[in-house]
Each structure stands twice: as structure tokens, then as C-alpha cells.
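What follows is a short report on a single structure.
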Protein chains: 2
Amino acid sequence: MNGKITIRDVAKHAGVSPAAVSYVLNGINKVSDETKQRILKAVKDLEYEPNLTAVSLSKRKSNVIAVMFPLVNDSLVTMFKDNHYQSEMISGIEYVLRKNGYDLLISGVQSPSECMKWIRKRNVDGLLFLGVFPNRLYEEMKALSKPIVLVDTYDKYERYFNHITMNDEEGGHQATKHLIDLGHSAIGFIAHRMTNSPIDYKRFIGYEKALKAAGIKPCKSHVFEALDSSFENGYRMGKELLSRPHSMSAFFASSDTLALGIMKALQEEGKRIPEDYSIVGFDDLTFSSYATPSLTTVRQDVFNKGSVAATAIIQAIENDTTALQHIRLSTELIHRESTAKKKG
Amino acid sequence: MNGKITIRDVAKHAGVSPAAVSYVLNGINKVSDETKQRILKAVKDLEYEPNLTAVSLSKRKSNVIAVMFPLVNDSLVTMFKDNHYQSEMISGIEYVLRKNGYDLLISGVQSPSECMKWIRKRNVDGLLFLGVFPNRLYEEMKALSKPIVLVDTYDKYERYFNHITMNDEEGGHQATKHLIDLGHSAIGFIAHRMTNSPIDYKRFIGYEKALKAAGIKPCKSHVFEALDSSFENGYRMGKELLSRPHSMSAFFASSDTLALGIMKALQEEGKRIPEDYSIVGFDDLTFSSYATPSLTTVRQDVFNKGSVAATAIIQAIENDTTALQHIRLSTELIHRESTAKKKG
DNA sequence: TTGAAAGCGCTAACAT
DNA sequence: ATGTTAGCGCTTTCAA
């Protein structure tokens, strides 16, 4: 039951050499149809499963993809917390890899050398980087011979790696246009951080373009930086927004968590959403639809993003075309209860 | 740079045999201190990293732990969605494994044979099952020779596997006692499902015991089944609770998602939380503290749960004591805004 | 068409 | 204390 049936056993059972079995299993057309059938039967009979460790050693290919997360405080937790985002992405990745006979290794990494280790130690066939890593890591990775796919990273490295991003500019545009269409013209944009975050910057560009297209002059005093994307910071921003006189009637926040925090602060100050203020988020977290009012947001299909990333890396591994893939996925505006026609 | 430095290269560089290098690397005390230093230096000089595939083949130990998720609709997504729970657990697992030199393989599985495959194919050293799988899977796994740790599963298999659970009865007790202490006596319990879910049943037992301890007679009409733990179902339950006359002034829901759904429904019907109804959840999801009002709940330390699970499997692998581990972790009541003293 | 045998890189029993 | 060597299970060249 717990036996270790090897290729030898199968060979013996079929009255052939191990080599013949290997040929059949690898689809190498070197064996007569008759013996092939005999071998296949032996495989079935013995419930033979090739030992992938041995295969890996021999072929120098492991069929393992490593998914790398940046480490914060030496653990993945900050990455994962607050966000079903990463988990849904993993689901997408796992799905595609499983369907294609690859296995999924997960690890947090901090230094480039750690990645090297993965390649050397585990012989992984490809690396998937989720999120933003220290710059030097990318620098060193350039030299790597294994396929790499970056998800959600700086364009800066476009020239060196495959990568998958969302169309953040489009998303920013959708959110802003939605508010404009509802009659809002003084629209605040709350970024996570503007400098140093190409993602937020893209969303900002979309925001600006939508305003201009509607003949509204963007106003610097309507743009804010929350400094991180936590609920707490959104809450603080919300309080701050109300603490000064302003003309804004709508806010577009660069993440749902931020938007939810803002919303809570405004409500606490006695403001009604969407009657007094309309709010749009970005991401479409599960809980955004549970909030009161439910949050209008720019949705990313994260499962899909994971699938696409996995598909890309498999392609990069299996086709040895050197062409890098740059895939930009679309966003979608989800209209819920937190936005409404401007009063008056 | 991209070289494949083998143990042979190191041996040559140090002027010794491959065996000597292997001994040093594996801490086998068979080498003079002097040559040991020489070997260590060679390892450094050449930046040698052992090829784990080869090690694995040779030692018949891979230092890989497979984490299994049940597949729903052929993907992990339903598992992960709605719930930072699983991701936080993975963080905990990853942390401990990484610190102990193990790698983390993730896969969705449906059938027992798939697990067997993992063991045979990848030579994994241990299996971690997260969540609830088809029964036949457990049945077949009994025969397995590799260490297995179950997280959050039926006690039914206690005799066969290691497992980690929360003290659900304690949790149910804490939640109920908290409400009783606030002056509530007619307390509704909303289970995910009572039959077939040992977890919810345990929480129910805790609920019942707390009532009895306070001299309150449990009332069947105060116990409800939502049938799943979704927000939507909680919402539906909330509406239903109000649709009939009743005396309840507080609710204890078996998950935060459910509690949040109930809360939204009650609020929509014009009820104020906690003035009209107190509500307690279970889990302490991140978003529970963001809700308005923020949710009082029974907290599970999920990162810790993951760490404990990982520690347990490593122990099971490395010590060959046959004693199974059954670890029950404590819960903690988090008092927030959704509960208050009963009026009047 | 088939098979013998030499690796893949490392470990461990056995000799020296 | 150190080295030799036969595996681990599979692939693949080369010869038959």
C-alpha cells in the first residue's frame, strides 16, 4: 500500500527496460505500439507515480513555481492582513498551476540572495513576485536566468521582467467620471502616497484627465496623501477633511480600506453618505459591499489577475521566446450606495 | 554567476572528498576540526548551496510541507474569500516553516489519491489540512505513513491525526457570559449550522452552559441556523429575526460575517445597535473593528494557530514519538461598540 | 525498436 | 579521520 513502486518495478512487470518506460511516460516516440500498451498497463496495474524529485534531478526542471511575498517584520502577515486581495490572487495562481501540472511554493523573501537560493536549492522553474520589493532585489534579479513575472510593480523594470498590472489610470478615470456624471465637480482624491507609488500616481492621472475632459480645473488642494492604506489612516483623513472649510462634495480614495475609514469618520461627524458626500473606493474588497452604505468602488478581478500571472509564467517557461509580456488588466466601476447625485 | 557549484567542486577546492564536505554540512562529527574549517571556507568561497533536489532524493526527505485546502468548485477561492482567516493562518505557517528550514507547498485537493500523489511525487515530509474535507479523505489518510496535522476539523478523527482546534466551547461561553453580564437574559444564538458542524455545536454548548450557570433556562426558540456563514445569510436572518415577535435583546452569532449581516439588517429596520440590540460575533476579522458600530467578538489568534500547526507538524516529523498532539487554543472576548448594558 | 549504462548531486555504509 | 563507492529514481546518449 505504502510501497515505493519505481520505474524498475514497472519495467519488470512489463518485461521491458526502465528506459522504455521512461520513453512512454515522456511521450518519446521510440517504442512500438504493442510494448507501449504493455507498459501503460503495467503503470496502471502498479499504480505507478513517477518520483518527481528524481525527475527533477535528472531533467533539471522541477515543475515548481515559487511565489514570493515581501516580508514585513519578518512575516507575511501585514501583507495578507486587511486584504483578501493576496489570498484571492493565490487562488487564481493555484488554479492555473494545478491545471498545468505545476506546483506552488510560497515564501516570504527579503534579500535577492534568498531568491537565488530558491533557484539553486529547489530548482524552481519560475518566480512570481507579488507586490513591491526592495529595489536591489530587482536589480539582482535581472541577471537571473529563470523566468520571472512581476505583479503590481513599478514600470521601471518593464524592460527586464514580465509583468502584470491593472490599468490604474483607467480605474482612476472611471471613478472620477462616475462622480462627475453624478454632478460633482469638487472632487477630492485621497492617495495612499503620491511620490514613490506609481500605482497611485496612475490613478491620479486618470482622475486628472477625467476632470479636464469635463472642463473642470484640477485643484491641488483637493489632493491628499494618507501615507498608508490602512483603515485607521482613512479615518484620520476623514476627520481632517472636515476640519477645514472646503467645497468638496465627493471623494475618491485609492483603496477601499481608506475609503471605508473616511466614510466612518464622516459619519461620525454627522455627515450622511451619499446625501452629504459621495465616496468611491478602489479594489472591491468583499467587505466593501457589506458596509453601510455599501461602497461604490473600482473593481479589480484579482482571481483573474492571479490566473493571468500564472499563465504568463508557464508560457515564459515553456516557450523559449525571449519576448517579455506586459499585461494590463481592466478595471470596472461597481456602483453601490455610497455615491449619488449631487444635491442642489 | 549562474553556476552550478556542486559538492564535488567544493571538495576539490578544499582538497578533500565529497563525503567529507557532506559530513561537515550535515553536522556529522567525522572530520577533524582543521579540515572542517578548510571545507567551510571553500563553501563560503564558492557560495555553495546544496541542491535540495539531490538531497531530497538521497535522504528520502524533502523538507517540504504540503498545505492542503479543500477545493470548492475546483478552486480555492471560496475558501479564501470573505475571510482573511486562511491567509493569516498561512502567514503563521510560513513563518514557522521558514525559520525551521522547511518549505511550503500549497495545493487544493479533493480526493485522497491526490494526497497520496503529493507524498509519492514530491516526497513531502508532512501534510497540513486546513478546513474540512470529504470524509473518505480522512479515512484513506489514516493509512498514511507521513505525519498529518488537521486544523479545525471534526474530533471524530482525533484518534488518528494530530490536530489543532480552538476552544469553541470556551468561546461560546465567553460571548454569552459577556451578554449576561450586561444584563441580557433572552439571548439568541445564530449558528452556521448545528447538525454536522462540531464547531458550532461546541459554541452552542458554551452558550447553553453560560445561560444555565446564570440560572437562565435555554430556550429552543432562541436558537437559529443560518445554513452558511455568509454576510448575505446573516442579513436574511436579521430580517427574519425581526419579522416575528420575540423577547430577545441580544444575539450571539457564530461568525463575524454572520454578525455583520445581522447588524446591517437590524439597522435597516431602524434598530439601533447596541441600544436596541447587542450583538457578538466570532472570529475577529479585520473588518469587524471597522464596522459601525464596531463589533464585539470572540477573537481567535489565527496567525498563532498557523504557527502552532506548523510547529506541531515539524515536531511530528522530527521526533518519532508516535504520540498524537491535540492542541486546543484559547479564545478571547474583544469588547467593542456593538454590545452594551440592557436598557431598562 | 530496444536496452545498457552513465549521469543528475548528494548521502551513508564500508574501507582504509 | 578520510576516502571510496554504491545507491536514491529517473533520463538520455549510445550501442545493439
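A note on names: the letters A, B, ... follow the listed sequences, proteins ahead of strands, and every chain is numbered from 1. As a basis for the values below, the full set of heavy atoms in this structure was taken, side chains included, without hydrogen atoms, waters or symmetry mates.
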Can we say A:K305 and A:D152 salt-bridge, meaning some charged N sits less than 4.0 Å from an Asp/Glu carboxylate O? yes
Taking any atom under 4.0 angstrom from a heavy atom of chain A, which nucleotides of DNA chain D are the first and last to qualify, 5' to 3'? D:dG9 to D:dC14
Any sub-3.5 Å donor-acceptor pair from A:S75's side-chain atoms to B:Y95's backbone N or O? no
Strictly under 4.0 angstrom, non-hydrogen atoms only: write out the protein contact profile of nucleotides 9-16 of chain C, one letter per nucleotide from the 5' end, B, S or -. BBSBBB--
Test applied, side chain to side chain contact (heavy atoms under 4.5 Å, CB included); reference residue, B:L127; option that passes from B:V149, B:V67, B:L144: B:L144
May I ask you to say what A:S56 touches in the nucleic acid, namely base, sugar-phosphate or nothing, with a heavy-atom cut-off under 4.0 Å? nothing
Under the rule for side chain to side chain donor-acceptor pair (under 3.5 Å), what residues qualify as partners of B:D74, not counting sequence neighbours? A:R98, A:K99
When you measure from the side chain of B:N51 to the backbone N and O of B:T53, does any donor-acceptor pair fall under 3.5 Å? yes
Restricting to side chain to side chain donor-acceptor pair (under 3.5 Å), what partner residues turn up for A:K142, sequence neighbours left out? A:E139
Results of salt bridge (Lys or Arg N to Asp or Glu O under 4.0 Å) for A:K59 - residues two or more places apart only: none
In residues 9-22 of chain A, what donor-acceptor pairs under 3.5 Å come from side-chain atoms, sequence neighbours left out?
unit_1 : atom_1 : unit_2 : atom_2 : d
A:D9   : OD2    : A:T6   : N      : 2.8
A:H13  : NE2    : A:D45  : OD2    : 3.3
A:S17  : OG     : A:A19  : N      : 3.3
A:S17  : OG     : A:A20  : N      : 3.2
A:S22  : OG     : A:N26  : ND2    : 3.3

